[in-house]
Amino acid sequence: MTTVVFTEKNKAAAQISNILAGGSARRTIVAGVPVYEFQRNGVPWKIMGLAGHIMGYDYPEEFNNWRDVDPALLLDTEPVKQITKAQFGNAILKLSQDADLLVLACDFDREGENIGFEAKSIAEKVSKSTVKRARFSSLSKSEIEKAFTDLVEPDENMAMSAEARQILDLKMGAAFTRFVTLSVRERARTKGVLSVGPCQTPTCGFVYERELAIRKFDSKDFWKIEGFFIGKGTDFAGAHRGGHIYEKEKADAIFSKIKGCKTALVSKKTVKEMKTNAPFPLNTNEFLKRSSKFLGVSPEKALEVAEQLYLSGFTSYPRTETNKYADDMDFKKILKGFTRGDYQDFALLLLSQSTITPRNGKKDGHDHPPIHPIKAGSRAEIEKAVKMPHAWDIYDLIVRHFIANLLPEAVFEKTRFELTVGDELFDSTGSIQKSAGWLAVYPFEKPKDKLLPDLEELDVIDVKKINNVKSQTMPPKKLTEAELLTLMDKHGIGTKATAPSHIETNKKRGYFETKGKTIAIMDTGFTLMDALHSSVPILVKPDIRARIESLIQEVEDGTKKFPQALEEGTALIKEMYSQLLKNRDVMVSQIAGTITDEAVAADKKNHVGTCPECGRMLRMVITDKGRFVGCTGYPQCKNTYPLPKAGALNVQRSRKCKKDGIAVIKVGNKYFWSVGIGPCFSCELEKECFPPEVIGPCPSCDGQMFLIATKDSRFLGCTKRCGHTQSVPKKGRLTVTDKVCEGCGWHFIRVKEQGKDAKEYCANRKCEAAAAARKDAIRKAREK
DNA sequence: GCAAGGTC
């Protein structure tokens with residue numbers, strides 16, 4: 001007569017056995033998995049924690065080759081469920097063999113029900129015993145006792161709804177990802193995978209929509225009239241009640257009426273007390289948003305740190321939807337740990353109260369309490385236990401948020417003056433914090449006091465200045481990670497545990513990147529969203545997730561059978577797939593183009609510039625037959641330019657062709673070539689673009705000596721072609737320096753031969769100073 | 001090599 005219980009995770013197994021056994025549970029290991037054993041009502045009990053899902057769907061082996069399988073075929077193929085965590089499968093088999101009762105005790109939600117059914121399906125291979133369900137919303141003693149006394153039937157509909165989600169998500173993800181990746185690969189050399197999925201794609205969609213709004217934004221001019229006043233010796237500002245005025249004439253008219261006014265009348269004064277409540281207790285989403293906003297820690301990292309803090313016993317379970325504390329939460333017990341250290345003042349204050357009333361939200365996911373500290377830890381203790389960046393910052397945020405939830409509201413005094421200047425009205429507001437309340441422990445959200453002078457109604461004050469300021473409406477700002485999390489939460493994209501991973505997937509794919517706390521879409525992400533949006537709009541929006549969600553909700557409610565939901569869901573995906581297929585060519589050229597452009601721009605050596613015909617990228621194309629400059633828009637854009645047949649080519653990014661050439665290329669060490677124009681030496685603007693490298697005055701006429709370099713020799717010649725020439729060293733790299741010879745006015749030349757020190761000197765054979773220096777050098781060499 | 005969902 002053995003009862004075997006499966007929980008969602010080891011931690012829950014340990015806690016539940018502790019409650020049911022009254023502390024007498026014995027921890028053993030079965031097939032490498034911890035199991036808690038004890039006697040209850042004379043019956044042996046064994047409780048094992050799973051590790052979330054221990055099974056998963058995948059396509060059969062023969063569908064693994066992307067090249068050989070038409071992605072559309074995946075939509076007509078049923079993926080297969082397999083055990084993904086073998087040791088758990090084995091442990092379940094061993095435990096179930098001699099069980100008389102199996103109890104599924106995973107979390108009380110859809111996935112929890114499904115995880116329980118995974119264990120059930122494995123256990124039923126070796127056991128025919130009854131399977132029951134224990135349902136509880138928290139791991140409190142009373143709930144657990146009750147749940148295991150009043151066992152219920154497992155909810156197959158609920159479990160199957162999660163099953164439908166898994167299959168539909170995989171079908172859609174696999175088919176679309178393969179289709180997009182392979183199609184684009186025909187035209188662009190892409191290294192990675194271009195993935196599409198019911199959560200990751202709408203997540204990127206939010207970033208895309210914001211980017212569109214920014215790009216489409218049309219800025220408008222407006223004027224605002226500002227007043228600067230002095231009251232009782234204090235300077236303060238006010239704004240004209242007209243606010244943003246979009247007609248210049250209107251603003252000018254008001255301004256010219258009052259610009260000469262020297263005094264203002266305090267025509268009205270209102271003082272109001274304003275109270276600000278502490279934020280709701282931290283559920284996962286709120287925690288991730290605040291970690292990003294206040295600490296600049298990405299959702300992914302924040303969740304990792306919280307997981308470690310939880311495993312080290314410092315904070316509670318980090319994945320929860322609940323933002324209200326249970327009625328029996330023992331705040332004082334936790335606060336007692338904080339009576340020493342950073343938070344002692346607040347802890348002592350709260351402990352001195354007879355009752356503690358927390359600030360509570362309204363969400364109850366029936367899962368875990370809000371994220372809160374379990375145990376006090378110093379910075380050193382936290383950093384020793386959790387060796388990750390920001391471990392202390394995140395613990396500190398959790399503790400401060402927890403204490404803030406228990407402290408009273410903050411009170412402000414808001415003062416507003418209505419000021420009359422001429423017959424125009426201005427407003428000025430200020431606020432003073434009267435009582436800090438929860439803000440005392442929560443430095444992340446401290447509003448600044450804005451002081452106003454102590455004026456009364458009908459006081460007359462000085463006007464210092466009136467300004468009529470021209471301004472412009474600003475485009476929307478880029479999304480922050482915190483805002484993205486809000487949007488995902490609001491539209492049901494991902495869950496408390498997966499939202500960070502969807503953001504991470506998009507970063508990994510090169511769809512967007514984070515710069516500090518804001519998110520910037522990348523070209524690949526933008527064009528992919530653009531392409532998907534134009535052929536299957538629903539895919540880029542939260543609607544796709546919502547459609548699947550409503551289907552599986554019907555399965556859970558029992559109003560639709562599982563096979564029916566699967567069929568309808570598959571039909572929906574097929575419909576989207578066929579729309580995408582119809583627009584394949586446009587999509588491919590858009591995405592492939594962007595990816596090629598990105599690659600070309602990154603390939604500094606061959607990237608030439610922007611195509612004047614189509615705006616895409618120009619690059620050097622080198623084939624067996626020859627070389628030319630071509631456009632990445634090929635074959636739509638057939639713009640090309642010839643290149644010289646021989647010589648190494650180097651794009652000169654600092655040079656610009658004055659005759660509207662696309663770019664200037666250096667050919668070997670010989671001459672320059674302007675793309676679209678031809679060799680620079682045949683251009684009448686050559687001397688303007690490449691002025692001779694003048695060294696100094698010609699010793700025979702009033703011309704200038706300059707460096708002439710030909711294919712196989714170099715020498716100095718006169719700009720007036722007077723016939724005077726002079727040789728220069730044949731070996732080494734020769735440059736004309738800025739240093740000027742005092743004797744003759746020639747620039748020093750610098751000669752650097754490989755493996756030798758560079759020499760700098762005056763090369764003028766007629767220069768006496770140079771001759772003396774040469775003699776001196778020879779004498780010194782002889783002496784040695 | 002594809003998704004999203006659990007959890008370590």
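Letters A, B, ... are given to chains in the order of the sequence lines, protein chains preceding strands, and every chain is numbered from 1.
One can place CD of A/Glu549 at 13 Å from C1' of B/dG5, the figure rounded to the nearest angstrom. Distance A/His53 NE2 to B/dG5 C1': 4 Å, rounded to the nearest Å. If you measure from atom NZ of A/Lys11 to atom P of B/dC8, you get 9 Å, rounded to the nearest angstrom. Residue A/Gln308 contributes atom CD, which lies 11 Å from atom P of B/dC8 at whole-angstrom precision. Here B/dA4 presents its P atom at 22 Å from CD1 of A/Ile54, a figure rounded to the nearest Å. Taking atom CZ of residue A/Phe179 and atom C1' of nucleotide B/dA3, one finds them 18 Å apart after rounding to whole Å. Straight-line distance from the CD1 atom of A/Ile167 to the P atom of B/dC2: 20 Å, rounded to whole Å. Note: CD (A/Glu61) to P (B/dC2) measures 16 Å, nearest angstrom.
Comparing A/Glu118 and A/Leu182 by the nucleotide of DNA chain B that holds the closest heavy atom to each, the one mapping nearer the 5' end is A/Leu182.
Residues satisfying the salt bridge (Lys or Arg N to Asp or Glu O under 4.0 Å) criterion with A/Glu143, sequence neighbours excluded, are absent altogether.
A/Asn114 comes within 4.0 angstrom of nothing in the nucleic acid, heavy atoms only. Residue A/Tyr317 is in sugar-phosphate contact alone, with no base atom involved, counting any heavy-atom pair closer than 4.0 Å across all strands shown. Here A/Gly494 lies in heavy-atom contact (under 4.0 Å) with sugar-phosphate atoms only. Within the nucleic acid shown, A/Tyr57 comes within 4.0 Å of at least one base atom, counting heavy atoms only.
Distances from the side chain of A/Gln200 to the nucleotides B/dA4, B/dG1, B/dG5 place B/dA4 closest. Closest to the side chain of A/Lys9, out of B/dC2, B/dC8, B/dG5, is B/dC8. The side chain of A/Ser195 lies closest to B/dA3 when the candidates are B/dG6, B/dA3, B/dG5. When the nucleotides B/dA4, B/dC2, B/dT7 are ranked by their closest atom to the side chain of A/Pro198, B/dA4 comes out on top. The side chain of A/Ile115 lies closest to B/dG6 when the candidates are B/dG6, B/dG5, B/dA3. Residue A/Glu8 has its side chain nearest to B/dT7 when only B/dT7, B/dG5, B/dC2 are considered. The side chain of A/Thr495 has B/dG5 as its nearest neighbour among B/dG5, B/dA4, B/dC2.
Side-chain N/O atoms of A/Arg178 include none lying less than 4.0 angstrom from OP1 or OP2 on B/dG1. A sub-4.0 Å separation between OP1 or OP2 of B/dA3 and a side-chain N or O of A/Arg509 is present. In this structure, A/His502 reaches the B/dG5 phosphate: one of its side-chain N or O atoms is under 4.0 Å from OP1 or OP2.
Cation-pi geometry between A/Lys11 and A/Tyr310 is satisfied (NZ or CZ under 6.0 Å from the ring centre, within 45° of the ring normal).
A donor-acceptor contact under 3.5 Å is not formed by the side chain of A/Asn10 with the base of B/dC8.
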Donor-acceptor pairs under 3.5 Å, side chain of residues 486-495 of chain A to any protein atom, not counting sequence neighbours: which ones?
from: A/Thr486; atom 1: OG1; to: A/Lys289; atom 2: NZ; distance (Å): 3.3
from: A/Thr486; atom 1: OG1; to: A/Ala482; atom 2: O; distance (Å): 2.9
from: A/His491; atom 1: ND1; to: A/Leu487; atom 2: O; distance (Å): 3.1
from: A/Thr495; atom 1: OG1; to: A/Ala497; atom 2: N; distance (Å): 3.2
from: A/Thr495; atom 1: OG1; to: A/Thr498; atom 2: N; distance (Å): 3.3
from: A/Thr495; atom 1: OG1; to: A/Thr498; atom 2: OG1; distance (Å): 3.2

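Classification of the A/Trp45-A/Phe38 ring pair by plane angle, with boundaries at 30° and 60°, yields parallel.
The one candidate from A/Glu156, A/Glu549, A/Glu111, A/Arg110 that meets the side-chain hydrogen bond (donor to acceptor under 3.5 Å, both in side chains) condition with A/Ser161 is A/Arg110.
Using a cut-off of 4.0 Å between Lys/Arg side-chain N and Asp/Glu carboxylate O, A/Arg133 and A/Glu153 are scored as not salt-bridged.
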